[in-house]
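Below is one structure, written out as structure tokens; comments come after it.
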Amino acid sequence: MNEFSMDKPLHGIQEDKEIKVIFIFPDNSEKECIANVGENLLNVIRNNDIPIPCSCGGALACSTCHVVLDEETFELLEDNGKEASEDEEDLLEVASGLKDTSRLGCQIVLTPKMDGMKVSLPR
């Protein structure tokens, strides 16, 4: 496990706080999940049996963990310098159902301000 492992919260983030993440499925049904601040969104997906393949396991080598964030969360990431890297943008170009607020779940680290965020799953 390296220092950037998805199983380990990042230092400097309030790791004991839980937030709510709401997943919206293609049929518009929803699943509300509790996640830890500092946790990677991909871990939340895996831990809650959200049906996304996540083929590369978070190595930023595929686009299977593609999700669509609500506008507020997407802007929060952009405003805090957490916009998509060039590598992430390259992978998103081949993702199915790409939207303006698309991101890869493996690249999203949860913060307290993301409480109540909505994450749509593309078809």
Side-chain angles (χ1 to χ4, degrees):
M1 186 181 315
N2 66 37
E3 68 177 294
F4 298 108
S5 171
M6 293 179 309
D7 296 326
K8 182 169 91 173
L10 299 180
H11 296 288
I13 296 178
Q14 186 180 353
E15 299 172 4
D16 60 340
K17 181 168 175 39
E18 292 182 335
I19 65 170
K20 178 174 42 174
V21 178
I22 302 163
F23 290 94
I24 304 170
F25 299 96
D27 67 359
N28 289 322
S29 63
E30 296 182 1
K31 181 173 184 176
E32 187 175 302
C33 302
I34 300 299
N36 296 311
V37 167
E39 186 174 16
N40 185 291
L41 187 59
L42 181 55
N43 278 351
V44 181
I45 290 167
R46 288 176 167 169
N47 293 340
N48 291 280
D49 298 319
I50 304 299
I52 295 179
C54 307
S55 298
C56 76
L60 193 56
C62 71
S63 62
T64 57
C65 65
H66 167 229
V67 295
V68 179
L69 302 177
D70 62 81
E71 189 73 35
E72 183 178 331
T73 302
F74 185 82
E75 288 177 9
L76 176 69
L77 290 169
E78 297 276 307
D79 292 345
N80 289 304
K82 305 294 184 193
E83 61 273 345
S85 68
E86 189 174 322
D87 289 339
E88 182 179 357
E89 287 179 359
D90 289 346
L91 291 170
L92 283 168
E93 286 179 11
V94 298
S96 174
L98 190 65
K99 304 280 185 195
D100 288 343
T101 60
S102 289
R103 291 293 302 266
L104 297 180
C106 67
Q107 299 303 297
I108 307 300
V109 176
L110 303 177
T111 67
K113 290 183 178 181
M114 293 177 176
D115 191 23
M117 72 185 285
K118 293 187 177 186
V119 179
S120 297
L121 308 180
R123 290 198 181 276

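It should be emphasised that the depicted structure is a prediction, and the values quoted were computed from it without experimental measurement. Hydrogens, waters and symmetry mates play no part in the numbers below; they use all other heavy atoms, side chains included.
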Taking [X] for its side chain and [Y] for its backbone only, find out whether a donor-acceptor pair lies under 3.5 Å.
X: Asn48; Y: Ile50; result: no
X: Asn80; Y: Lys82; result: no
X: Ser63; Y: His66; result: no

Step-by-step side-chain contact (heavy atoms from CB on, under 4.5 Å) determination, Glu39 to Asn47: CA-CA 11 Å; Glu39 186 174 16; Asn47 293 340; 3.3 Å; yes
Distance-only polar pair, side chains of Asp87 and Ser85, donor-acceptor under 3.5 Å: no
Given Leu69, Asp70, Leu76, the one that forms side-chain contact (heavy atoms from CB on, under 4.5 Å) with Glu72: Asp70
Just verifying a value: how many Å separate [X] [atom1] and [Y] [atom2], rounded to the nearest 0.5 Å?
X: Leu91; Y: Leu60; atom1: CG; atom2: CG; value: 5.5 Å
X: Lys31; Y: Ile22; atom1: NZ; atom2: CD1; value: 13.5 Å
X: Glu89; Y: Glu86; atom1: CD; atom2: CD; value: 7.5 Å
X: Glu83; Y: Gln107; atom1: CD; atom2: CD; value: 12.5 Å
X: Ile45; Y: Cys33; atom1: CD1; atom2: SG; value: 9.5 Å
X: Lys113; Y: Thr73; atom1: NZ; atom2: OG1; value: 12.0 Å

Quick one: closest heavy-atom pair of [X] and [Y], and the distance?
X: Val21; Y: Ala35; answer: CG2-CB, 4.2 Å
X: Pro112; Y: Val37; answer: CD-CG1, 3.6 Å
X: Gly97; Y: Ser102; answer: O-OG, 4.3 Å
X: Glu93; Y: Leu98; answer: CA-CD2, 4.5 Å
X: Glu30; Y: Phe25; answer: C-CE1, 4.1 Å
X: Cys56; Y: Thr64; answer: N-OG1, 4.5 Å

Side chains of Leu110 and Asn36 in contact at under 4.5 Å (non-hydrogen atoms): no
Beyond-backbone contact of Ile108 with Phe74, side-chain heavy atoms, under 4.5 angstrom: no
Quick check on the hydrophobic clustering: are [X] and [Y] connected, directly or via other members, by side-chain heavy-atom contacts under 4.5 Å?
X: Met117; Y: Ile52; answer: yes
X: Leu121; Y: Leu104; answer: no
X: Met114; Y: Val44; answer: yes

